[in-house]
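Written out below as structure tokens is the structure these notes cover.
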Amino acid sequence: MTFGEQPAYLRVAGDLRRKIVDGSLPPHTRLPSQARIREEYGVSDTVALEARKVLMAEGLVEGRSGSGTYVREQPVPRRVSRTGYRSSAGSTPFRQEQAEAGARGTWDSSSEQTGAPAEIAERLGIAPGDRVMRTRYVFRDAGEAMMLSTSWEPLAVTGRTPVMLPEEGPLGGCGVVDRMAAIDLVVDNVVEEVGARPGLAEELLALGGVPGHVVLVVGRTYFASGRAVETADVVIPADRYRLSYHLPVR
């Protein structure tokens, strides 16, 4: 193979990808069989198999048990709005943001006390194993799971206060800023780091994704006078949603 020349399986995958994108192989069409690819492109069975694997890893096709491999219908990406951290004024931050994007958001949550894992402890500035309140969320748009979140709050901050459980009590669901204000902590800084990685099996199962698909991960931490009062990981399917930030200029 000369310098710059693509391996045969990538050339075959590229041509099949082009046919999927331009509609020559529309959604729900069966992908040519391994034998057909071998004959049409003049390649070995191994090359044909690897080309199909590439398309499957990219989420362009999916296998159906006992039936074959079919072209997937590609979703049109929708926006997940990130609009800042103002007071919720009687509405949850998630509901505010999704309303601004024209969506109607709902969610489920569950909270439990646990020890802080090392990475989370570092983000919160506490010792590994220190007690935290961990809350897991599944956020939905029109009933479809669109986003997962796991948050951790140090019980040294919220323990034995009315806001110890994020989704219960008079300020349940009101968001970190308002809940911390209720215990005289003023959130004055929020840090978000956005990255991407392959989704974990349990994440993709909850989000209705395909194994191997990439997810966006927003690592978010709230600070009050330099002290971390909450940190969270927000997981979003990268093929179905785009993060849209609306940040005020000061």
Side-chain angles (χ1 to χ4, degrees), residues 1 5-80 98 101-110 136-150 194-218 233-244:
M1 183 173 68
E5 183 182 353
Q6 280 190 321
Y9 76 95
L10 289 181
R11 295 199 304 273
V12 173
D15 190 64
L16 291 170
R17 184 190 303 112
R18 177 187 58 77
K19 292 178 179 179
I20 292 171
V21 171
D22 70 16
S24 299
L25 287 172
H28 311 297
T29 299
R30 187 172 181 174
L31 193 71
S33 67
Q34 187 170 314
R36 178 72 179 273
I37 293 173
R38 181 190 64 215
E39 295 170 4
E40 182 175 344
Y41 293 95
V43 297
S44 67
D45 280 334
T46 299
V47 169
L49 177 61
E50 290 302 314
R52 288 159 64 90
K53 286 182 179 179
V54 168
L55 298 176
M56 192 167 290
E58 292 175 350
L60 294 173
V61 301
E62 61 184 353
R64 299 179 186 174
S65 179
S67 179
T69 304
Y70 291 80
V71 177
R72 292 183 68 238
E73 186 166 1
Q74 296 301 304
V76 177
R78 290 179 285 172
R79 288 190 178 93
V80 173
Q98 298 317 301
R104 183 172 179 83
T106 60
W107 66 95
D108 299 320
S109 66
S110 62
R136 292 190 170 107
Y137 296 88
V138 179
F139 295 97
R140 294 184 172 86
D141 173 11
E144 177 186 286
M146 60 172 289
M147 183 166 67
L148 307 176
S149 177
T150 304
V194 181
R197 59 166 171 76
L200 303 178
E202 57 268 27
E203 293 170 341
L204 295 173
L205 180 63
L207 292 167
V210 173
H213 265 196
V214 171
V215 294
L216 300 173
V217 181
V218 181
D233 283 334
V234 180
V235 177
I236 304 164
D239 65 328
R240 284 185 278 150
Y241 294 94
R242 298 288 182 268
L243 293 175
S244 177

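FYI, side chains are in, hydrogens and waters are out, and symmetry mates aren't considered; it's all heavy atoms of this structure.
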Problem set entry | Pair Asp15 + Arg11, salt bridge at N-O below 4.0 Å | no
Problem set entry | Distance in Å, Glu50 CD paired with Leu55 CG, rounded so as to fall on 0.5 Å steps | 11.5 Å
Problem set entry | Spacing of Leu60 atom CG and Thr69 atom OG1 [to the nearest 0.5 Å] | 12.5 Å
Exercise. How close do Arg52 and Val61 get, heavy atom to heavy atom, and via which atoms?
Worked result: O-CG2, 4.4 Å
Exercise. So, for Met56 and Gly63, which heavy atoms are closest and what is the spacing to 0.1 Å?
Worked result: CE-N, 3.8 Å
For this session: Assess whether side chain to side chain donor-acceptor pair (under 3.5 Å) is satisfied between Arg30 and Tyr70, documenting all intermediate values.
Result: CA-CA 4 Å; Arg30 187 172 181 174; Tyr70 291 80; 4.6 Å; no
Seminar exercise, completed: dist Ile236:CD1 -> Leu243:CG (nearest 0.5 Å) comes out at 4.5 Å
For this session: Go through the structure and list residues passing salt bridge (Lys or Arg N to Asp or Glu O under 4.0 Å) with Arg17, not counting sequence neighbours.
Result: Glu58
For this session: Determine whether more than 12 heavy atoms belonging to other residues, nucleotides or ligands lie under 6.0 Å from atom CD of Glu144.
Result: yes
For this session: Could you grab the distance from atom CD of Gln34 to atom OG1 of Thr46, nearest 0.5 Å is fine?
Result: 8.0 Å
Exercise. Quick one: CZ on Arg72 to NE2 on His28, what's the gap to the nearest 0.5 Å?
Worked result: 10.0 Å
Seminar exercise, completed: Between Ala238 and Leu216, the two heavy atoms sitting closest are CB-CG, 4.0 Å
For this session: State, to 0.1 Å, how close Met146 and Pro237 come at their nearest heavy-atom pair, and which atoms those are.
Result: O-CD, 3.2 Å
Problem set entry | pair Tyr9-Val54: side-chain heavy atoms closer than 4.5 Å | yes
Exercise. How many angstroms lie between CG in Leu25 and CG in Leu16, if you round to the nearest 0.5 Å?
Worked result: 7.0 Å
Exercise. Should we say atom CZ of Arg18 is surrounded by more than 12 heavy atoms from elsewhere, each under 6.0 Å from it?
Worked result: yes
Exercise. Any idea which heavy atoms bring Ala196 and Val214 closest together, and the distance?
Worked result: CB-CG1, 3.9 Å
Exercise. Taking C-beta and beyond as the side chain, do Val235 and Leu207 meet within less than 4.5 Å on heavy atoms?
Worked result: yes
Exercise. Minimum heavy-atom separation for Val71 to Pro26, with atom names?
Worked result: CB-O, 3.5 Å
Exercise. Pairs in or reaching into residues 199-217: which pass salt bridge (charged side-chain N to carboxylate O under 4.0 Å, His left out), with residues at least two apart or in two chains?
Worked result: Arg197-Glu203
